[in-house]
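In this chain, numbering begins with 1 at the start of the sequence shown.
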Amino acid sequence: MSSGMENRQMSQTKFPDVISDDLLGMSTGLMKRDPIVILRMDGEDLLEFINSARFEADMISIFSQLDMADGSILDHITKTLQQLTVDHGMPPLTDSWVVSNIVEPALQCVVKHDGEHPITQEMLLEQFKKVAERLAQLLNEQPVIVAHSELTFDGSGIRRLLSNSFEFNKILEGALRDLPKDQNGKVSKEYVSVALGSVGPSAGLPPFGVVDQLDNMVEEAIHMKIHEPGEGKMIEGDTLKKLVMEILESIMLQLEGNPISISSNSVVHEPLSSPSTSVASPTT
């Protein structure tokens with residue numbers, strides 16, 4: 001981020017209102033490790049992007065994904081705007097205030113296509129630059145405050161948990177007590193996912209349904225383990241623990257080789273506390 005984005009401190013009590021929806025289900029431990037940065041978006045970074053050497057190449061890359069025969073120039077520019085992020089100096093378009101007060105007024109400068117000639121990338125580039133410059137002007141007049149957070153899952157949380165056998169066994173013992181068992185005290189393999197979910201927060205993993213890419217990784221690891229030959233559908237508690245450990249190890253190795261990162265951006269409409277250069281995050 002350039003100097004145009006100022007870090008400001010936000011009081012702890014405002015965090016839930018600002019980011020609870022965007023970071024649905026994220027554990028307290030994850031929030032402590034990944035601070036929230038408050039960004040003041042005043043158009044400076046957007047102008048810097050527009051005037052940069054990468055602007056045209058980035059735009060053409062986005063345009064190439066559009067079907068030029070389907071939709072108007074306005075439709076294409078709107079779709080292109082949705083591809084921009086805070087890294088480009090663009091506040092999130094998921095916020096209705098941003099759309100009504102920044103985006104829609106800027107789109108009014110789009111010249112309607114006569115329909116007689118096909119829409120080209122050159123046309124879009126020219127029109128988009130006008131819109132982006134107008135967006136920067138509007139942001140300068142009405143800066144937008146954005147709470148930005150990034151989370152990276154790199155397997156380190158799993159490694160820490162597995163290195164602490166006492167904590168790992170304690171969590172799984174608690175989970176096993178609540179699982180239904182047959183007359184021999186065995187549990188179904190299908191409950192491996194439940195046991196895995198119980199250790200997830202301590203392993204630095206988000207709840208299921210928060211990160212699609214990670215969900216797919218977990219589901220694949222579970223499927224491979226519970227369908228291995230040699231075991232019946234009902235297993236001993238110690239076998240279930242072993243399966244959970246092996247699944248976690250598999251996920252850990254994949255994340256270490258290919259970490260998964262997600263980001264959250266929420267517009268802050270509440271008044272901020274006094275300016276500060278510090279980066280704020282929840283504390284206990």
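- Both W97 and L84 are members of a single hydrophobic cluster when ILVMFWY side chains are connected at heavy-atom separations under 4.5 Å.
- Interatomic distance, L243 CG to L196 CG, rounded to the nearest 0.5 Å: 10.5 Å.
- Using a cutoff of 4.0 Å between basic side-chain nitrogens and carboxylate oxygens, K186 and D182 are not scored as salt-bridged.
- Contact record, L47 with A136: CG-CB, 3.5 Å, taken as the closest heavy-atom pair.
- In this structure, the separation between NZ on K181 and CD on E236 is 11.0 Å, given to the nearest 0.5 Å.
- Between D87 and D45, the closest side-chain pair of non-hydrogen atoms is not below 4.5 Å.
- The minimum heavy-atom distance between A106 and L138, with the atom names listed, is N-CD1, 3.8 Å.
- Crowding of Q142 atom CD: a count of heavy atoms from other residues, nucleotides or ligands under 6.0 Å exceeding 12.
- Note on ring orientation: taking the six-membered ring where Trp is involved, the planes of F128 and F55 are parallel (angle under 30°, cut-offs 30° and 60°).
- A side-chain donor-acceptor contact under 3.5 Å links T78 to the backbone of L74.
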Please evaluate residues L172 and V199 with respect to the criterion side-chain contact (heavy atoms from CB on, under 4.5 Å), reporting the C-alpha separation (whole Å), side-chain torsions for both, the decisive distance (0.1 Å), and the verdict. CA-CA 7 Å; L172 278 183; V199 302; 3.8 Å; yes
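- Defined by atom type and a distance below 3.5 Å, a donor-acceptor pair is present between the side-chain atoms of S156 and D154.
- V192 has its side chain out of reach of V194: every pair of non-hydrogen atoms, C-beta onward, lies at least 4.5 Å apart.
- Interatomic distance, CD of Q65 versus NE2 of H76, reported as 13.0 Å (0.5 Å rounding).
- Residues G204 and F153 come closest through the heavy atom pair O-CD2, 3.4 Å.
- Surrounding NZ of K170 are at most 12 heavy atoms belonging to other residues, nucleotides or ligands under 6.0 Å away.
- Looking at residues two or more places apart in sequence or on another chain, you find a side-chain hydrogen bond (donor to acceptor under 3.5 Å, both in side chains) between D75 and S72.
- Residues E133 and L46 have side chains not in contact (no heavy-atom distance under 4.5 Å, counting atoms from C-beta outward).
- Under the 4.5 Å side-chain criterion, counting only non-hydrogen atoms from C-beta, V110 is in contact with V131.
- Across every non-hydrogen atom of P105 and S100, the tightest pair is CD-O, 3.3 Å.
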Worked verdict on Q137 versus E141 for side-chain contact (heavy atoms from CB on, under 4.5 Å): CA-CA 6 Å; Q137 180 183 351; E141 296 170 358; 3.5 Å; yes
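- Note on E173 versus K241: salt bridge recorded, some NZ/NE/NH1/NH2 to OD/OE distance being below 4.0 Å.
- Linking ILVMFWY side-chain heavy atoms closer than 4.5 Å, directly or via other members, places I260 and L253 in a single hydrophobic cluster.
- For S261 against T152, the heavy-atom pair with the smallest separation is OG-OG1, 3.0 Å.
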Go through E219 and N216 one step at a time and tell me if the side-chain contact (heavy atoms from CB on, under 4.5 Å) criterion holds. CA-CA 5 Å; E219 285 183 326; N216 294 335; 4.0 Å; yes
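- Enclosure of atom CD in E167 by more than 12 non-hydrogen atoms of other residues, nucleotides or ligands within 6.0 angstrom is indicated.
- Nearest heavy-atom pair across R134 and C109 is CB-SG, 4.4 Å.
- If you take CG on L161 and CE on M245, they are separated by 8.5 Å, rounding to the nearest 0.5 Å.
- There is no side-chain donor-acceptor pair under 3.5 Å between S264 and S149.
- Between the CE atom in M41 and the CG atom in L135 there is a gap of 11.0 Å [rounded to 0.5 Å].
- Using a 4.5 Å heavy-atom threshold, the side chains of E150 and I262 count as separate.
- Taking CG of D215 as the start and CG of L205 as the end, the distance is 10.0 Å to the nearest 0.5 Å.
- Inter-residue side-chain proximity for I36 and H148 is flagged as unmet; no heavy-atom pair is nearer than 4.5 Å.
- Within the 4.5 Å cutoff, no side-chain heavy atoms of V99 are placed close to those of I102.
- Listed by first and then second residue, the ring-ring contact (aromatic ring centres under 6.0 Å, His included) pairs involving residues 161-207 amount to none (not counting sequence neighbours).
- Two different hydrophobic clusters hold I60 and I50 under the rule that ILVMFWY side chains link at heavy-atom gaps under 4.5 Å.
- Within the structure, ring-ring contact (aromatic ring centres under 6.0 Å, His included) contacts touching residues 206-226 (residues at least two apart or in different chains) are H223-H227.
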Could you walk me through whether V103 and M90 pass side-chain contact (heavy atoms from CB on, under 4.5 Å), step by step? CA-CA 10 Å; V103 178; M90 187 70 195; 3.9 Å; yes
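- A heavy-atom distance below 4.5 Å is not found between the side chains of M217 and N258.
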